[in-house]
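One structure below.
The chains referred to below are lettered A, B, ... by the order of the sequence lines, with proteins before strands, and numbering in each begins at 1. Computation of the quantities below employed the complete heavy-atom set of this structure, encompassing side-chain atoms and omitting hydrogens, waters and symmetry-equivalent molecules.
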Amino acid sequence: MRTELQNARLVDPLHEQNGQLVTLVIEDGRFVADSRQPQSQSQSQSQSADRCIDLQGSWVMAGGIDIHTHIGGGKVNLARMLMPHGEGGKARATSRAGTQPDAARGGPVWPTVQTGQLYNQMGYTACFEPAMLLSGARHTHLELADTPGLDCGAYVVLGNEDWLLQALAEGAEDPVIDAIVGWSVAASRALAVKVVNAGGISAFKFGQRELAVDEPHARWGITPRQVIARLAASVKRIGLAHPLHVHASNLGMPGNVQAALATLDAAEGQRIHLTHAQFNAYTATGAFGMGSGAEQLARYVNQHPNVSLDVGQIVFGQTVTISADTAAQYRNRRHAQPRRWVVGDVECQAGCGVVPMRYEDKQYVASLQWTIGLELMLLIEDPWRVFLTTDHPNGGPFTSYPHLLRLLMDCSFRRSMLEEIHPQAAANSLLRELTREYTLDEVAIITRAAPARILGLHDRGTLTPGAIADLAVYSPSDCWETTFKSPSLVMKQGTEVVRDGVLQSHRLDCQTIFAEPQYDYHLMSRLSDSVEQRLHMPWNSLEIGLHELQQVMRATVPRGDG
Amino acid sequence: MRHCCLCGLLCSLDRAATSACPRRRQWLEHAVLHTAAQVDSQVDSQVAATAAQQASQAEVGGWRTSVGLPAASGLTARIETLAAQLQVSRQPLIWIDAADVHTLRCAVALAQAVRGTIHVGLSTGAAASHRVLTSQGWLGSSLAEVASHADLIISLGGGLQAEAPLLAPRFFAPALNGDRAQWWHIDSHAANSQAANSQAANSLAADSSSDLQPSPTWTAVWPRAEWYAQLTLVMLGLQDDSVRADAVAGQMHESTRALLGKLRSAKNTVWLWDVDEFRDAIDELCIQRLLGISRLLSQTARCGLLGLDAQVGRVTAMETLLWLTGCSGTAQFDGQRWSQPHALSELALEDWSGVFDSILVVRSLPSVYPLPSLPEAQFLVTEPSLLPDHVSYEKVTTVASVGVDRAGHVMRGDRATLLYCPADTAPSPSTTMTSRLPTAGELLQHLRQRLQAGGVLHAH
């Protein structure tokens with residue numbers, strides 16, 4: 001099958017014809033060549049194409065990639081249970097700031113099918129669930145398998161397992177740590193490793209309500225800094241493309257930007273990725289004892305090329321927060337709105353906390369959070385090391401990305417929105433001075449090329465020959481939000497999934513993307529007792545086989561027949 | 001030790017010793033018996049089996065008609081009957097009483113195709129716990145946490161030891177070793193606790209490699225009618241209002257006072273109970289009291305709740321319905337989207353017959369007691385004996401035991417082992433049970449395809 005997309009204006013900084021009007025050629029689901037021919041000659045090329053589409057100069061970008069979005073697993077389902085279908089939508093409609101698009105009814109945690117469709121309708125074609133517990137990996141993969149139109153992967157949560165903390169406390173050598181980390185990734189079919197509040201979730205089970213980066217764990221005596229250092233190094237040794245993905249200590253607490261900086265230092269120069277950084281960028285000064293630490297954090301990132309971050313921008317309105325960080329979510333329960341929540345300890349590994357939250361634009365803290373996320377995005381100079389996320393649904397739904405892109409690309413709009421928030425948050429914000437506007441190329445980087453690169457997905461995030469033909473076509477308009485909200489065409493593996501905003505009925509065989517780490521399996525088998533003594537089940541029963549992943553879990557039934 | 005594919009635990013019991021675990025007996029024996037029936041019929045009469053297999057393959061996709069059912073209820077005829085009913089139905093209902101992930105996927109797809117309603121039945125006790133969990137703040141725990149981190153384990157009621165005799169040796173014993181934790185047990189009758197202990201010990205004694213059955217450190221007997229009052233007193237006592245504490249002190253049992261003292265000194269408490277033992281409105285209030293206690297204790301220590309049911313540790317039908325439709329328990333498809341028909345919750349299950357003009361019940365495991373009287377319903381069951389006597393055979397289709405699929409996988413989406421075969425071993429041809437019964441999922445999928453192929457959908 002050969003498809004030609006004629007008169008395509010490329011927006012891909014990795015493509016040597018970036019910005020030019022060309023014909024994109026797709027064969028068997030991949031880009032095969034760029035036409036360097038003027039349009040008149042491309043007409044003759046089209047003789048051999050099975051299908052030609054004239055894009056009339058519209059912008060073409062690679063399919064969007066969300067590196068941090070909670071779309072599968074037990075905690076996501078708990079959020080669905082606490083926020084019945086439609087409840088979030090009703091609440092959002094009353095938001096005065098009106099900053100969430102009416103892109104979808106229900107939410108903010110949609111059913112799997114709708115999640116896939118909504119992502120496709122924005123031009124996204126790959127998403128990554130960032131918090132998969134080892135013992136919940138099957139559930140996570142089952143949900144991801146039921147999310148259509150998206151290639152998916154997941155990061156396994158580590159850093160609070162009794163067996164890992166014990167090994168670290170006993171001074172285990174690198175091969176032992178590598179075996180535990182590598183096996184966890186391989187067993188759960190994960191793509192990367194995420195640390196959530198290193199040691200702090202475990203410490204909470206032993207009565208410690210907070211755990212500073214250099215504070216010893218009450219039971220194991222080790223510090224978060226030690227956990228981060230050992231895991232960051234291990235991730236590199238076992239050959240994972242994505243650096244350690246870190247949810248830092250003391251999330252959500254005033255003054256926690258120091259914890260974020262200390263956590264990044266703990267990597268000792270190894271690559272490290274700070275996730276939902278906005279939630280870890282608060283000073284303990286300013287109005288109400290809380291201010292923006294964005295400048296400090298951005299300066300650190302600008303000075304340290306080993307560091308990257310995703311922002312975790314908040315959006316005003318109703319949402320629900322979900323995290324493995326039980327300690328943080330237990331603190332957050334006081335702010336639950338509606339007033340129902342679930343916090344629990346999970347199988348000697350981590351925890352689970354689900355707390356509905358409503359970010360009010362007239363409330364100081366929420367307004368401060370809103371400014372911090374944007375400040376980070378605008379202050380960090382290298383677009384290859386900063387990623388646009390809302391930590392869906394924690395900061396807000398992913399459907400707000402077009403709105404957020406407008407905030408980044410349109411300074412006057414940003415300033416007009418600044419007038420809508422709490423006056424003290426607005427008055428103290430650097431946003432008053434920042435004039436930077438993201439370019440189209442930079443948008444292509446932060447939402448496509450950079451996510452692909454940092455995840456090691458070399459054949460995604462670009463329109464270059466050989467890459468998977470995931471793409472989105474956007475039409476220029478006066479409003480960036482309008483442009484990015486409704487791509488006129490979205491293709492996945494060269495197949496149309498959205499045309500003029502309407503979902504197409506094609507069924508696609510989407511992929512689960514996982515890593516194959518290098519580690520000593522036999523060494524892990526010798527460590528298996530420490531796992532079985534905690535879980536009381538055979539350690540290898542946690543292993544998800546390739547056949548199981550591809551044939552059993554993805555044994556789906558046709559959707560959308562109704 | 002082998003892994004129990006049913007509850008996800010390491011287990012020293014083999015299939016010959018299932019009597020020690022009622023849950024295991026209930027699930028596993030059905031699977032074993034069905035598989036055995038198929039295999040035996042082939043061994044005993046190869047010619048007859050071959051003929052039956054050929055006949056069934058000629059019928060529907062290699063499936064065989066059900067053993068023990070009248071010839072008239074052959075699979076093709078049954079599917080035609082079900083399809084005909086769904087074809088004319090304006091308000092179809094698929095009623096699920098426990099199912100694996102794939103069966104739920106198939107059921108949702110069928111409900112979507114016929115613009116119907118799907119309902120996942122919950123036991124009365126599970127429904128009560130669910131209501132409390134979704135209406136307030138909930139502090140939860142899990143089994144491994146009990147074993148490794150709790151210093152005070154409190155079991156409430158006799159149901160736990162009777163229904164899950166492996167729970168204490170498997171999860172309480174590690175905590176009790178070295179006096180790290182204490183196990184306090186509250187029962188309504190002293191005899192219940194003793195009998196349950198004795199039964200479990202006897203069963204376990206039959207297997208020399210089994211774990212040691214520990215005993216509670218402390219046992220209290222509260223008449224069932226007083227549980228709510230006593231738990232309320234505990235909660236009031238924990239609130240540390242000295243005036244009120246004095247006022248309630250006189251109403252406390254001695255055991256309640258002792259429990260209060262123990263709770264105040266514990267660092268990590270977990271309350272456990274069998275959800276099916278807490279069924280009525282007062283029981284629901286008891287759970288709310290437990291929740292109040294856990295929230296009070298957690299202000300300075302840790303206290304979690306763990307209600308156990310037959311679904312513990314697995315990806316349940318309820319969860320699958322949630323992620324596929326966004327609805328909890330009941331989901332209705334209107335041709336565009338799924339929604340939760342809240343009005344149904346106001347009706348008794350028996351009255352659903354008046355709302356739906358066709359009902360298909362998929363009953364893999366009887367988790368809902370008693371089965372509501374649904375005279376016009378059709379049934380897909382793993383074992384006809386799971387149905388009440390008044391259900392006639394003409395309305396029953398026997399399907400393979402839960403989750404045993406064509407390749408021999410146990411497909412319930414367990415968080416523990418999902419497969420009978422090792423993870424990286426593709427199923428061998430010998431495990432492709434061409435002579436076995438179809439699973440409920442396969443049948444639902446076939447039914448949908450039959451309806452779509454016939455072009456009968458959406459005529460209504």
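- Listed for the B/Q136 side chain is no donor-acceptor partner under 3.5 Å among the backbone atoms of A/R340.
- Note: A/R209 leads A/R219, A/H141, A/Q533, A/R209 in heavy-atom pairs under 4.5 Å with chain B.
- Ring pair A/F206/B/H149 is perpendicular by interplanar angle, where above 60° counts as perpendicular and below 30° as parallel.
- When side chains are defined from C-beta on, A/V109 does not count as touching B/W323, because their heavy atoms never get closer than 4.5 Å.
- Judged by distance alone, with hydrogens and angles left aside, the side-chain atoms of B/N268 form a donor-acceptor pair with the main-chain N or O of A/K205 at under 3.5 Å.
- Taking each heavy atom of B/A144 and A/E347 in turn, the nearest pair found is N-OE1, 3.0 Å.
- Note on B/S142, B/A111, B/S141: by heavy-atom pairs under 4.5 Å with chain A, the leading option is B/S142.
- Atom OG1 of residue B/T320 and atom NE2 of residue A/H139 lie 7.0 Å apart, to the nearest 0.5 angstrom.
- In this structure, B/S298 and A/Y330 have side chains that are in contact, with non-hydrogen atoms separated by less than 4.5 Å.
- Note: B/G140 leads B/G329, B/G140, B/G441 in heavy-atom pairs under 4.5 Å with chain A.
- The distance from the CG atom of B/L139 to the CG atom of A/D345 is 9.0 Å, given to the nearest 0.5 Å.
- When every heavy atom of A/P111 is checked against every heavy atom of B/G326, the shortest pair comes out as CG-N, 3.5 Å.
- Contacts of B/L305 with chain A are absent, with no heavy-atom separation under 4.5 Å from either backbone or side chain.
- Atom CG in B/L321 sits 11.0 Å away from atom CZ in A/R80 (nearest 0.5 Å).
- To the nearest 0.5 Å, atom CG of residue B/L104 and atom CG of residue A/L142 are 11.5 Å apart.
- For A/N77 (side chain) and B/E319 (main-chain N/O), a donor-acceptor pair under 3.5 Å exists by modelled atom type.
- Residue A/R339 touches chain B through its backbone alone, counting heavy-atom pairs closer than 4.5 Å.
- Residue with the most contacts toward chain A among B/T134, B/D334, B/L322, B/V108: B/L322 (heavy-atom pairs, distance under 4.5 Å).
- The minimum heavy-atom distance linking B/E145 with A/C348 is given by the pair OE2-N, 2.7 Å.
- Here the CE atom belonging to A/M81 is positioned 4.5 Å from the NE2 atom belonging to B/H130, to the nearest 0.5 angstrom.
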